[in-house]
Amino acid sequence: MFKKPVDVKTIQRLSGADKKKLRRTAKGRFPQASDADLDAILPPKAEITVAKYPNHVLVYGIEGEFPMIFNTDARVYALWKVPHLLPAFTLKGGEVSRFVIGGADLMFPGISIPPEGFPSFEAGQPWAVKVPGNPAAIAVGSTTMSSTEALKAGLRGKALKILHYYRDMLWDSADGCYVPNEGFFDDIVVEDPNPVSTSQAPDSAEEPEVTNDGSVSAEDAGVDISDNHGTNPGIQIEAVEEITDVVNELKLPEDKTTEQAPVEMEHHNLRTEEIDSLLDKCLLQALYTSIKEKDLPMPGSTLWANHILPNRPPGVTIDIKKSSHKKLSKWLQSKSSSGLISAKEDKYKKEVVLLAINHKHPDYMAFRPEKRVQELVEHEKDVAESSVTKQLEVAEIYKPSSHVKPIFVAVEADMEKYYSAPEASDIVFRYVEKEKLVKPTDRAKVILDVTLCDALYKGAIKKGSAYPTEIHKKDLGSAFLNRMQVHHKVSRGTQEVIRKGAIRTIQIMTERRQGNKKMTRLSGLECFLMDPDSLASELQKKFACSTTTAELPGKKGQYEVLVQGGVIDDLAKHLVDHYDVPKRYIEVYDKTKR
């Protein structure tokens, strides 16, 4: 279930009523758990979050700590806190574990039968997997048949469908910050297994076959790797040494409170103004590094969980309730009122939604993101990139015009270079600093000398109207950008092109043709470095329909793709998901609707 990287769709905090409901559900799911056990995995006073994954899995966890249960079934972290939360199968030996922690399903021949006899269970029940001599679970799965059916089959076949295992992507989502004890790896064999392809284990009475390197094959170990899809069924030896080093440095869970005490004290000492400042810094960091135009509009809860919290300084906890805004919605609305972002409340979801980002806002242009966080986000973005196409980057850039040439000459800036919005704004502020034009009595304003006044307003003021003598600092950058030549840069992989003017949008239009048949037209692809012929061939396979390309009348070198059928919504989604085209650059027209 978590073999491959999966991005979280949304993360939300549970309300008090939802936390009580989850607790009741967990109590029914784990009848052997006491109230103290439930407190360990779902602390009453802690904030509980639910993460929704594209594979329809709901993962519940403690905010800022570990995921505990998914779809109300326990996961490894929960079983490490409460080992008896689920019944468990014990493996015959550590040799089998290397396959299980690679995602292979558990077969009956790989299970050790206890002296008291084979346990009783029903099909579809959650069970854990343990190695001999270690109470810590290494995997969680669902039984494929009942114990009665298993005995009738002679204890052959698949026993457990593994849903979650140690070091899968769900485990890694908590960065492996907690392991049960230093001896956790003692009984787990993690060398690279011999890749035997089979779906049926032999009878348990037979002698296991040993490979040339002394290890047991997957078939004789009692696991099924036929459905592993090429996933590495073990962990490399180098990784084991690294993990063991980390484990040796960790302390037991009882020491956690004392370790975290200084951090919590630091958080409680933060004043309201400091929390407000920290919130603004995290928002600007997220706007620069992790929020992409194609992700907009974005619910406020997603913004908070996926972008604001990950950009916190290490060891710092942010509580919006201790800020001057008290609520996330009020904070976002205040940022919208200041002009940094555009946000609006969704009347149906009762949640504030982030609509747009003002890249020309003074706070945005003056902010410099931390390289450490930016590099981390870029690395995670590269790892999660699963599309076959190379990532698209679209940027608005500016070239100096004759209006602003005196400003560039005065600060000895390159007139032939292209500048981003922050870089261009920096030029004019360098001129202000050089000429000492900040108004002494009001340092928020800039006095306009002849050169700066002509650069900003010459030719734009009507005859007979007086030229302004000063300008506010927050308006200076945008006024300067308006006097420069707008260009746009589009890059995809090693390809890069710079064109004059604002970028044109992709047009998707569905219309009716003869015989009341629908046809979808797609144009404007050249602006985003997309080949019409290649895209037409790709869409033909994706939508199982006929496609063709045709040159646009009167526009040499520009083509449109014609797709049979009304696939307007699916086509727009395909461009966003597979070609990274931001939503704001796609225009959709449906002429079939009356």
Side-chain angles (χ1 to χ4, degrees), residues 7 9-10 52 54 56 291-300 302 341-357 387-389 391-394 396 488 490 492 499 501-594:
D7 292 331
K9 291 177 65 177
T10 59
K52 299 180 181 179
H56 306 292
I291 299 176
K292 297 189 290 186
E293 292 290 341
K294 71 173 187 177
D295 297 330
L296 304 179
M298 178 185 296
T302 303
I341 60 174
S342 175
K344 185 178 180 181
E345 183 177 2
D346 190 321
K347 296 181 179 179
Y348 298 99
K349 296 182 179 180
K350 302 296 182 181
E351 183 178 13
V352 175
V353 178
L354 174 63
L355 302 177
I357 304 168
S387 175
V388 296
T389 58
Q391 185 179 9
L392 175 75
E393 293 184 1
V394 181
E396 192 173 56
H488 64 272
V490 181
R492 186 187 295 278
R499 299 188 182 96
I503 189 169
R504 296 193 298 272
T505 58
I506 291 179
Q507 309 251 339
I508 306 177
M509 180 177 63
T510 297
E511 58 185 9
R512 294 190 184 276
R513 311 201 70 175
Q514 293 181 352
N516 201 30
K517 294 182 179 179
K518 292 182 179 180
M519 175 69 73
T520 301
R521 296 175 176 269
L522 176 64
S523 60
L525 301 173
E526 293 82 5
C527 294
F528 295 90
L529 303 180
M530 298 166 61
D531 181 47
D533 292 326
S534 299
L535 180 61
S537 177
E538 179 184 339
L539 297 178
Q540 182 181 12
K541 298 176 182 178
K542 179 175 179 61
F543 298 124
C545 62
S546 60
T547 60
T548 185
T549 59
E551 189 172 15
L552 291 172
K555 297 182 179 180
K556 188 175 180 180
Q558 298 185 28
Y559 293 82
E560 66 175 351
V561 177
L562 305 178
V563 184
Q564 184 182 22
V567 293
I568 185 169
D569 294 330
D570 294 334
L571 184 52
K573 186 176 185 300
H574 182 73
L575 294 179
V576 173
D577 294 343
H578 292 269
Y579 287 91
D580 279 337
V581 179
K583 292 180 181 179
R584 62 192 180 98
Y585 293 128
I586 299 177
E587 292 185 4
V588 175
Y589 303 96
D590 191 349
K591 291 189 174 181
T592 62
K593 294 183 180 180
R594 296 181 179 178

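Judged as a salt bridge (charged side-chain N to carboxylate O under 4.0 Å, His left out), not a single pair has a partner in residues 540-553 (not counting sequence neighbours).
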Evaluation steps, side-chain contact (heavy atoms from CB on, under 4.5 Å), between Val581 and Val394: CA-CA 9 Å; Val581 179; Val394 181; over 6 Å; no

Applying side-chain contact (heavy atoms from CB on, under 4.5 Å), run through Lys583 and Val576 and close with a yes or a no. CA-CA 7 Å; Lys583 292 180 181 179; Val576 173; 4.1 Å; yes

Go through the steps for Glu351 and Glu345 under the test side-chain contact (heavy atoms from CB on, under 4.5 Å), then give the verdict. CA-CA 5 Å; Glu351 183 178 13; Glu345 183 177 2; over 6 Å; no

Does the side-chain contact (heavy atoms from CB on, under 4.5 Å) test come out yes or no for Ile508 and Leu575, once each step is laid out? CA-CA 11 Å; Ile508 306 177; Leu575 294 179; 4.0 Å; yes

Enumerate, atom names and distances included, each donor-acceptor pair closer than 3.5 Å involving a side-chain atom of residues 554-567, sequence neighbours excluded.
from, atom 1, to, atom 2, distance (Å)
Glu560, OE1, Arg521, NH1, 3.4
Glu560, OE2, Arg521, NH1, 2.5
Gln564, OE1, Ser546, OG, 2.9

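For the ring pair (Phe, Tyr, Trp, His ring centres under 6.0 Å) test, no residue two or more places apart in sequence or in another chain qualifies with His488. In this structure Lys573 satisfies the side-chain contact (heavy atoms from CB on, under 4.5 Å) test together with Asp577, sequence neighbours excluded. Under the side-chain hydrogen bond (donor to acceptor under 3.5 Å, both in side chains) criterion, Asp570 pairs with no residue, sequence neighbours left out. Legend: residues meeting ring pair (Phe, Tyr, Trp, His ring centres under 6.0 Å) with Tyr585, ordered by chain and number and at least two apart, are Phe528. In terms of the side-chain hydrogen bond (donor to acceptor under 3.5 Å, both in side chains) criterion, residue partners of Thr510 (sequence neighbours excluded) are, by chain and number, Thr520. When the side-chain hydrogen bond (donor to acceptor under 3.5 Å, both in side chains) test is applied to Arg499, no partner is found at least two apart in sequence or on another chain. Not counting sequence neighbours, the partners of Asp531 by the side-chain contact (heavy atoms from CB on, under 4.5 Å) test are Asp533, Ser534. For Gln507, the side-chain contact (heavy atoms from CB on, under 4.5 Å) criterion is met by Thr505, Ser523, Glu587, Tyr589, not counting sequence neighbours. The side-chain contact (heavy atoms from CB on, under 4.5 Å) check on Asp295 picks up Lys292, Met298, with sequence neighbours excluded. Residues satisfying the side-chain hydrogen bond (donor to acceptor under 3.5 Å, both in side chains) test with Arg504, not counting sequence neighbours, are none.
Separation of atoms OG (Ser342) and CD1 (Ile357) is listed at 10.5 Å; rounding is to 0.5 Å. Atom CG of residue Asp580 and atom CZ of residue Arg492 lie 7.0 Å apart, to the nearest 0.5 angstrom. Expressed to the nearest 0.5 Å, how far CG of Leu522 lies from CE of Met530 amounts to 6.5 Å. Atom-to-atom distance recorded for Asp569:CG and Asp590:CG is 8.0 Å, nearest 0.5 angstrom.
Side chains of Glu538 and His578: no donor on one and acceptor on the other come within 3.5 Å.
Checking side-chain atoms of Thr547 against main-chain N and O of Ala536 turns up a donor-acceptor pair under 3.5 Å.
Of all heavy-atom pairs spanning Leu355 and Pro297, the tightest one is CD2-CB, 3.8 Å. Residues Cys527 and Val490 share a closest heavy-atom pair of O-CG2, 3.4 Å. Closest approach of Gly524 and Ile506 over heavy atoms only: O-CG1, 3.6 Å.
Residues Lys344 and Val353 form no side-chain contact, since every pair of their non-hydrogen atoms from C-beta on lies 4.5 Å or further apart. For the pair Arg512 and Lys518, the minimum side-chain heavy-atom distance is below 4.5 Å.
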